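Note that the coordinates shown come from a computational prediction; the quantities given were computed from them, not determined experimentally. The first residue in the sequence is number 1, and the count goes up from there.
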Amino acid sequence: MTNNSEDKALREFKLIMSDLLRLLVRASNAKTGYMYWVNRSRRQFVLETSHTQLQNVMFKDRIEFQDFFLDQYKNTKRDVQLVVGESIEGSRLRHYYEKPTVQFIRLIPFQNKGETVAITVLESDKKLNGMELDDVIKSYNRAHVNVLNTYLKLTDMFDDQARWEDYDRSLDSFNKNLTHVQVLDHLLNEVQRLLPGGGSSVVLRGMETWVSVLRSEKSNDSPTLGLMVEERSMAFDALQKGEPVFSMHFNQNPKRISTSENETEGATLAVPMLINGRRQSVLLVYDKNPLVFTESVKHQIKNLVRVAGLNIRSKMVNKRVSNDLFTSEYGNFKPDLWKLSLEKQVERNNEGREHVWFGLIGVENLSEIRSKYRLEDLVKLQRIIVKAINPSRLGYNGIIGFNSDYVYSYIFVGMSEEHHKQWLKTNILDLKNKIDLGDGRKVSVTINAGSTKLKNDGREADEIINDAKQSLNVAMNSNREYSISD
């Protein structure tokens with residue numbers, strides 16, 4: 001629904017509610033009338049409208065349940081008659097500046113789907129009952145139901161119409177001349193528009209594992225970057241079946257990607273992207289409110305993934321896909337992908353529970369290695385190095401990228417500085433203890449690492465990359481195994 005249409009419908013709804021109350025007050029000869037919504041999630045009464053002939057009355061817009069006399073009647077299904085001084089103390093009517101002049105009160109509950117969602121209150125110095133008044137109140141309640149249903153149908157109709165219009169625009173937007181990585185980024189943004197209160201992540205294959213590589217900047221409660229896909233997760237099921245998987249999460253299960261996820265609530269839709277029958281990625285879309293995943297929304301998300309896949313395929317020179325599209329020949333992620341991942345992480349680096357480092361790892365004894373081995377052996381060696389420094393191998397989260405031959409970028413996500421240092425030390429030691437090329441030949445690899453921690457310091461992705469390069473130079477020129485800049 002457009003903002004103008006929604007605002008107009010809401011204004012008209014509120015005017016009708018106000019007019020209905022005014023007519024009820026006049027018809028009942030009451031001194032004061034008001035209507036409060038019962039907001040159970042916030043445990044508050046929320047004022048919709050009021051009308052009074054008295055000068056010493058003021059209503060609060062919001063009142064906590066425990067602070068208002070209506071609290072004990074919030075679940076009532078029938079009208080309630082109260083007498084001031086008998087069934088209720090005058091001091092509990094706190095909307096009066098002085099002692100209340102009214103003596104009789106009538107509570108009129110408004111129900112929706114069997115639940116009391118609002119209470120209208122009439123206050124008078126005369127009794128508020130009788131056949132005529134009962135008929136007026138019945139008419140008042142019927143009008144409420146009709147107005148509310150009409151308003152909800154109107155907003156739903158406009159919402160549905162606007163949603164499909166936005167969806168058509170989303171499909172058309174993939175006709176741009178986008179690279180493979182830009183298509184994934186565009187897909188994340190379009191899905192985020194469909195579920196503004198939820199989020200989305202992209203899982204890709206690299207480093208010989210499936211890991212979470214991209215997240216939309218505004219997604220809430222997203223799985224950690226670099227989280228490895230485990231069996232019995234939704235991402236794993238989608239990859240195995242080659243078709244979308246939808247599930248609501250009960251007691252934090254099933255997990256989207258891994259058992260080490262911090263939060264798994266609401267519901268998730270996992271959609272694999274197939275290009276010529278090969279699984280190239282999985283899009284995970286999630287929201288704490290399972291009700292947002294209507295059949296139409298799920299249909300739109302699945303189609304967006306399909307169109308994104310077709311867009312990628314149309315730009316491929318080799319139509320037969322046998323390799324992973326987003327990695328180098330060594331298995332680490334291509335520069336445009338890991339740079340986008342870093343940019344998105346910089347945008348959302350206000351999540352205090354995540355500690356993230358960006359760094360570069362370089363091979364120090366490169367000349368020695370190149371002089372001993374053939375080209376095919378060197379390619380194999382780099383694949384082994386990428387697999388070895390994969391954070392998932394040691395139970396950590398992160399991704400390894402291609403910066404240049406024998407220089408590997410990384411984004412590491414840990415809970416503390418010590419996790420990061422321990423990961424670096426273990427990698428350095430393992431590679432020094434020699435890599436087995438598979439035919440009995442052992443290669444000792446000496447590496448250096450330079451990195452910087454991501455902070456809320458205003459640095460952009462390019463500045464962070466330059467800081468990591470300087471740290472790597474410091475490590476290499478000072479014979480230090482690693483250097484971490486502040």
Side-chain angles (χ1 to χ4, degrees), residues 178-188 200-215 223 225-231 233-245 256-258 270-284 305-342 344 361 375-376 378-393 397-411 438:
L178 304 173
T179 66
H180 296 353
V181 172
Q182 287 172 338
V183 169
L184 292 183
D185 186 30
H186 192 63
L187 176 62
L188 284 172
S200 55
S201 299
V202 171
V203 170
L204 296 171
R205 179 170 172 78
M207 313 168 296
E208 298 194 13
T209 56
W210 285 89
V211 294
S212 170
V213 179
L214 294 174
R215 299 179 291 180
L225 184 68
L227 199 63
M228 184 179 71
V229 172
E230 295 180 1
E231 292 187 11
S233 67
M234 293 190 66
F236 182 84
D237 286 347
L239 286 167
Q240 288 289 100
K241 297 175 181 177
E243 59 186 34
V245 175
R256 301 179 184 113
I257 297 176
S258 166
V271 187
M273 181 186 291
L274 276 67
I275 300 178
N276 287 352
R278 182 181 176 88
R279 295 151 179 79
Q280 290 290 349
S281 73
V282 176
L283 177 74
L284 293 162
V305 174
R306 182 180 63 83
V307 170
L310 291 173
N311 186 283
I312 290 174
R313 183 181 179 278
S314 68
K315 296 179 176 65
M316 292 169 52
V317 177
N318 181 10
K319 301 299 182 182
R320 294 184 177 181
V321 182
S322 59
N323 298 318
D324 300 320
L325 293 177
F326 301 95
T327 61
S328 72
E329 61 179 320
Y330 312 121
N332 46 354
F333 292 107
K334 292 179 179 179
D336 56 345
L337 181 70
W338 64 255
K339 286 179 181 177
L340 176 62
S341 184
L342 178 62
K344 288 185 175 293
I361 294 174
L375 179 60
E376 55 266 32
L378 295 175
V379 171
K380 185 176 183 179
L381 176 63
Q382 289 211 65
R383 292 191 65 87
I384 294 173
I385 292 175
V386 168
K387 183 179 179 181
I389 62 178
N390 178 1
S392 300
R393 182 178 71 90
N397 301 323
I399 62 174
I400 303 299
F402 176 86
N403 187 72
S404 60
D405 274 351
Y406 306 98
V407 178
Y408 315 97
S409 60
Y410 71 81
I411 301 174

Should Met273 and Leu184 be marked as a side-chain contact (heavy atoms from CB on, under 4.5 Å) after you check the CA-CA gap, both sets of side-chain angles, and the distance that decides it?
CA-CA 10 Å; Met273 181 186 291; Leu184 292 183; 4.0 Å; yes
Distance (rounded to the nearest 0.5 Å) between [X] [atom1] and [Y] [atom2]:
X: Leu227; Y: Ser258; atom1: CG; atom2: OG; result: 4.5 Å
X: Leu337; Y: Leu204; atom1: CG; atom2: CG; result: 6.0 Å
X: Asn397; Y: Ser212; atom1: CG; atom2: OG; result: 9.0 Å
X: Phe333; Y: Phe326; atom1: CZ; atom2: CZ; result: 10.0 Å
X: Leu188; Y: Leu283; atom1: CG; atom2: CG; result: 6.5 Å
X: Ile385; Y: Ile400; atom1: CD1; atom2: CD1; result: 11.5 Å

Judged by modelled atom types alone, do Tyr330 and Asp405 share a side-chain donor-acceptor pair under 3.5 Å?
yes
Could you tell me whether the side chain of [Y] reaches within less than 4.5 Å of the side chain of [X], counting heavy atoms only?
X: Ile411; Y: Leu342; result: yes
X: Ile312; Y: Leu325; result: yes
X: Ser392; Y: Val211; result: yes
X: Lys315; Y: Arg313; result: no
X: Lys339; Y: Val181; result: no
X: Ile389; Y: Tyr410; result: no

Indicate the atoms forming the closest heavy-atom contact of [X] with [Y], along with that distance.
X: Pro244; Y: Pro272; answer: N-CD, 3.7 Å
X: Thr327; Y: Gly206; answer: CG2-CA, 3.8 Å
X: Pro335; Y: Trp338; answer: CA-NE1, 3.2 Å
X: Arg215; Y: Ser201; answer: CG-OG, 3.6 Å
X: Leu178; Y: Asn311; answer: O-OD1, 4.4 Å
X: Ala308; Y: Leu187; answer: CB-CD2, 4.2 Å

Under the criterion side-chain contact (heavy atoms from CB on, under 4.5 Å), I'd like the reasoning laid out for Leu214 against Val203: C-alpha separation, chi angles, the key distance, then a yes or no.
CA-CA 7 Å; Leu214 294 174; Val203 170; over 6 Å; no
Could you check Tyr408 against Val386 for side-chain contact (heavy atoms from CB on, under 4.5 Å), going step by step and ending with a plain yes or no?
CA-CA 8 Å; Tyr408 315 97; Val386 168; 3.9 Å; yes
For Glu376, what residues pass the salt bridge (Lys or Arg N to Asp or Glu O under 4.0 Å) criterion, not counting sequence neighbours?
Arg374
Under the salt bridge (Lys or Arg N to Asp or Glu O under 4.0 Å) test, which residues partner Arg383, sequence neighbours left out?
none
I would like to know whether Gln382 and Tyr406 meet side-chain contact (heavy atoms from CB on, under 4.5 Å); could you show each step before the answer?
CA-CA 7 Å; Gln382 289 211 65; Tyr406 306 98; 3.6 Å; yes
Residues which pass side-chain contact (heavy atoms from CB on, under 4.5 Å) with Leu239, listed by chain and number, not counting sequence neighbours:
Trp210, Arg279, Val282
Going by side chain to side chain donor-acceptor pair (under 3.5 Å), name the residues that satisfy it together with Asp237, two or more places apart in sequence or in a different chain.
none
Could you list the residues that satisfy side chain to side chain donor-acceptor pair (under 3.5 Å) with Gln182, not counting sequence neighbours?
Thr179
I'd like to know if the side chain of [X] and the backbone of [Y] have a donor-acceptor N/O pair within less than 3.5 Å.
X: Arg393; Y: Ala388; result: yes
X: Lys334; Y: Gly401; result: no
X: Ser341; Y: Val213; result: yes

Which salt bridge (Lys or Arg N to Asp or Glu O under 4.0 Å) pairs, counting each pair once, include a residue from residues 200-211, with sequence neighbours left out?
Arg205-Asp324, Glu208-Lys387
